[in-house]
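Report on the structure given below.
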Protein chains: 2
Amino acid sequence: MTVVEERPKQETRARRVRERNRQRILDASIEIFARKGFDGASIAEIAERSGLPKANVYYYFPSKEDIYSTIIDNLIAEWDAALEHIDIDRDPADALAGYIRAKMEFSYKRTAQSKMFANEIVHGGRFLSRANRSHMRAITIEKGKIFEAWARAGKMDRLDPTHVFILLWGSTQFYADFDAMVESMLNTGRLTREQFNVATETIVHIVLKGCGVRSGARPSAGRPNSHGSRASRSVRSA
Amino acid sequence: MTVVEERPKQETRARRVRERNRQRILDASIEIFARKGFDGASIAEIAERSGLPKANVYYYFPSKEDIYSTIIDNLIAEWDAALEHIDIDRDPADALAGYIRAKMEFSYKRTAQSKMFANEIVHGGRFLSRANRSHMRAITIEKGKIFEAWARAGKMDRLDPTHVFILLWGSTQFYADFDAMVESMLNTGRLTREQFNVATETIVHIVLKGCGVRSGARPSAGRPNSHGSRASRSVRSA
DNA sequence: CCAAAACCTGACCAAACCGTCAACTTTTTT
DNA sequence: AAAAAAGTTGACGGTTTGGTCAGGTTTTGG
């Protein structure tokens with residue numbers, strides 16, 4: 001509750017150490033939580049991977065649950081960035097394609113966090129805060145209204161906006177959460193950038209065309225590069 | 001295998017007991033594994049829920065892993081049933097819609113098993129047998145060839161078949177694995193049948209239209225009831 | 001320069017875990 | 001009816017777990 005006092009908070013050595021160690025613990029935890037889940041992960045392993053003694057981990061975090069929740073909260077905040085693509089003033093084709101690409105990029109680069117979140121939801125969201133829950137709901141309503149407005153304007157089909165949103169979320173999420181299955185199906189190791197692009201553009205194709213989105217001017221949202229997003233262009237791998 | 005010998009295998013009381021107890025253990029385990037994951041589930045809890053002493057559980061199953069794998073194996077076998085919809089001789093619209101509906105029905109009725117499987121894959125498929133892995137791959141290849149044949153025949157767009165398949169699998173799976181999130185987004189409890197139908201038909205709409213499937217005769221595969229699946233018909237909730 | 005604050009850590013604990021086992025009862029077979 | 005097989009179970013062992021704590025060192029502020 002200190003409102004007036006608020007010291008300048010200079011960059012002292014101790015503060016740097018604090019930040020560095022907290023981050024080390026979080027980084028190690030993401031990896032381990034993703035691979036083993038909340039119950040499967042042990043603080044001892046997290047400590048080892050962080051290069052810190054176990055007791056030191058408990059100096060920075062009061063409990064395993066606290067580490068876990070911190071990571072989940074950070075992740076949800078990061079996801080919001082991709083959502084900004086879905087803007088009512090934008091061309092629906094650009095907006096949807098932009099969202100799918102951003103979300104897929106996230107699946108590619110932040111696989112472990114995505115898995116952690118998936119794990120959490122599969123287990124019923126035991127550690128999801130009420131704030132996060134209502135945030136998710138608010139987003140759904142807000143973006144849903146945009147879909148409905150586009151439909152009213154004749155820019156896309158009339159579909160239940162929540163389920164469209166779920167399909168977007170689910171299909172992009174799959175490539176992070178179930179990468180082991182994707183790799184099995186494609187008979188490959190970690191997907192290459194190119195394979196990921198094929199996946200992305202396949203989703204873009206099906207979603208845009210499937211939602212009856214009347215495309216605006218440019219094919220690819222603001223970056224007219226190799227892969228076009230026109231619904232009619234075929235998207236295949238070698 | 002055994003063709004000649006095969007004793008009558010009469011229905012003795014002990015054999016009935018065996019079957020009943022094994023099933024009790026499996027049923028209890030599905031629930032608990034789904035909610036807590038492999039590491040989070042304890043044999044003590046499984047025993048309690050089965051109404052059996054812990055040592056008795058170990059009489060029927062050699063290890064926790066064995067219970068777990070048994071359930072996964074059963075599940076994969078059950079999933080194959082839905083796949084039979086994707087038949088090269090069928091009308092693509094009927095086939096795809098049929099598969100989606102069957103898969104969604106499964107998500108609705110076998111939520112717990114689906115979650116167990118999701119959990120397993122998220123954790124990298126630690127307990128997935130080599131047989132199951134290659135089975136998944138074989139299915140992908142087999143069904144992929146059908147998609148390609150349909151594309152060559154001009155019955156649907158040319159898309160990478162694996163990614164189409166993944167989108168089908170992922171979007172239907174979502175309603176089981178992430179039901180907690182779906183319920184949060186829709187601000188509801190367990191989804192009603194009707195809500196589930198809206199979800200199903202939304203997916204059908206987007207996939208059929210998005211893949212450029214030229215629909216055959218009837219709108220809904222063999223059951224011409226309330227909700228049509230024609231790509232142009234709007235599918236919305238109240 | 002020194003007291004206070006922040007940081008570090010080896011050793012420890014109670015609880016929970018998976019799996020075992022010997023001794024028991026019940027059912028099946030001969 | 002007796003031997004064999006199948007089912008049942010309480011008690012226990014060895015290990016791992018999340019978390020604590022007392023006592024240490026280092027850094028900071030005055």
Side-chain angles (χ1 to χ4, degrees), chain A residues 2 5-26 28-33 35-72 116 119-120 123 126-127, chain B residues 5-29 32-33 35-71 123 126-127:
Chain A
T2 62
E5 292 294 10
E6 267 300 291
R7 218 78 58 72
K9 234 173 199 175
Q10 48 191 301
E11 174 75 5
T12 143
R13 171 194 289 256
R15 199 128 36 208
R16 265 206 325 277
V17 165
R18 183 172 191 80
E19 211 43 53
R20 172 171 53 82
N21 281 353
R22 274 186 61 101
Q23 201 54 52
R24 270 189 194 172
I25 293 166
L26 290 176
S29 301
I30 288 169
E31 240 292 311
I32 294 165
F33 278 134
R35 210 171 54 245
K36 309 219 183 160
F38 182 80
D39 291 291
S42 79
I43 298 287
E45 194 181 349
I46 289 173
E48 194 185 12
R49 208 186 159 89
S50 314
L52 265 51
K54 194 175 65 149
N56 205 354
V57 171
Y58 275 99
Y59 176 71
Y60 286 110
F61 293 93
S63 68
K64 180 157 86 156
E65 183 178 332
D66 193 82
I67 301 177
Y68 189 83
S69 306
T70 301
I71 298 171
I72 296 275
M116 263 190 68
N119 203 44
E120 172 61 15
H123 293 346
R126 295 184 283 179
F127 301 128
Chain B
E5 292 293 11
E6 266 301 288
R7 215 83 56 71
K9 231 175 202 173
Q10 49 193 300
E11 174 75 3
T12 143
R13 170 193 289 257
R15 197 127 38 208
R16 263 208 326 278
V17 165
R18 182 170 193 83
E19 211 42 55
R20 172 171 53 82
N21 281 354
R22 274 185 62 100
Q23 201 53 53
R24 271 189 193 171
I25 293 166
L26 290 175
D27 287 344
S29 301
I32 293 165
F33 278 134
R35 211 172 53 244
K36 308 217 182 162
F38 182 80
D39 292 291
S42 78
I43 298 286
E45 194 181 349
I46 289 174
E48 194 184 12
R49 207 186 160 90
S50 312
L52 265 50
K54 196 176 62 149
N56 205 352
V57 172
Y58 275 101
Y59 176 71
Y60 286 109
F61 292 93
S63 69
K64 181 156 83 155
E65 184 178 333
D66 194 82
I67 301 177
Y68 189 83
S69 305
T70 301
I71 298 170
H123 293 346
R126 296 184 283 179
F127 300 128

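Among residues two or more places apart in sequence or in another chain, the ring-ring contact (aromatic ring centres under 6.0 Å, His included) test is passed with Tyr58(A) by none.
For Tyr60(B) and dA6(D), the shortest distance from a side-chain N or O to OP1 or OP2 is not below 4.0 Å. Put simply, Arg18(A) has no side-chain N or O that comes within less than 4.0 Å of OP1 or OP2 on dA6(C). For dC8(C), the OP1/OP2 oxygens have a side-chain nitrogen or oxygen of Asn21(A) closer than 4.0 Å.
In this structure, the CZ atom of Arg24(B) is 14 Å from the C1' atom of dG7(D), given to the nearest Å. Nucleotide dT8(D) holds its P atom 8 Å from the OH atom of Tyr59(B), rounded to whole Å. When rounded to the nearest whole Å, the span between CZ of Arg20(A) and P of dA6(C) equals 18 Å. Atom C1' of nucleotide dG19(D) and atom CD1 of Ile46(A) are separated by 13 Å, given to the nearest angstrom. Look at CG on Asn56(A): it is 11 Å from C1' on dA6(C), rounded to the nearest Å. Atom CZ in Phe61(B) sits about 17 Å away from atom P in dA6(D), given to the nearest Å. In this entry the distance linking CD1 of Ile25(A) with P of dG19(D) reads 14 Å, nearest Å. The CG-C1' distance, from Asp66(B) to dG19(C), rounds to 14 Å in whole Å.
Shortest non-hydrogen contact noted between Ile25(A) and Ser29(A) is O-OG, 2.7 Å. Among all heavy-atom pairs drawn from Arg22(B) and Phe61(B), the shortest one is NH2-CE2, 3.5 Å.
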Protein-nucleotides 15-18 of chain C N/O pairs closer than 3.5 Å?
unit_1  : atom_1 : unit_2   : atom_2 : d
dC18(C) : OP1    : Ala41(B) : O      : 3.2
dC18(C) : OP1    : Ile43(B) : N      : 3.4
dC18(C) : OP1    : Lys64(B) : NZ     : 3.0
dC18(C) : OP2    : Ile43(B) : N      : 3.1
dC18(C) : N4     : Lys54(B) : NZ     : 3.4

Just distance, no hydrogens or angles: give the donor-acceptor pairs under 3.5 Å from side chains in residues 36-50 of chain B, sequence neighbours left out.
unit_1   : atom_1 : unit_2    : atom_2 : d
Lys36(B) : NZ     : Glu45(B)  : OE1    : 3.2
Asp39(B) : OD2    : Arg126(B) : NH2    : 3.2
Ser42(B) : OG     : Glu45(B)  : N      : 3.1
Ser50(B) : OG     : Ile46(B)  : O      : 2.6

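Without hydrogens or angle criteria, Glu65(A) side chain to Phe127(A) main chain gives no donor-acceptor distance under 3.5 Å.
Here dG7(D) is the nucleotide among dT9(D), dT20(D), dG7(D) with the atom lying nearest to any side-chain atom of Val17(B).
To the nearest 0.5 Å, atom CG of residue Asn56(B) and atom CG of residue Asn21(B) are 6.0 Å apart.
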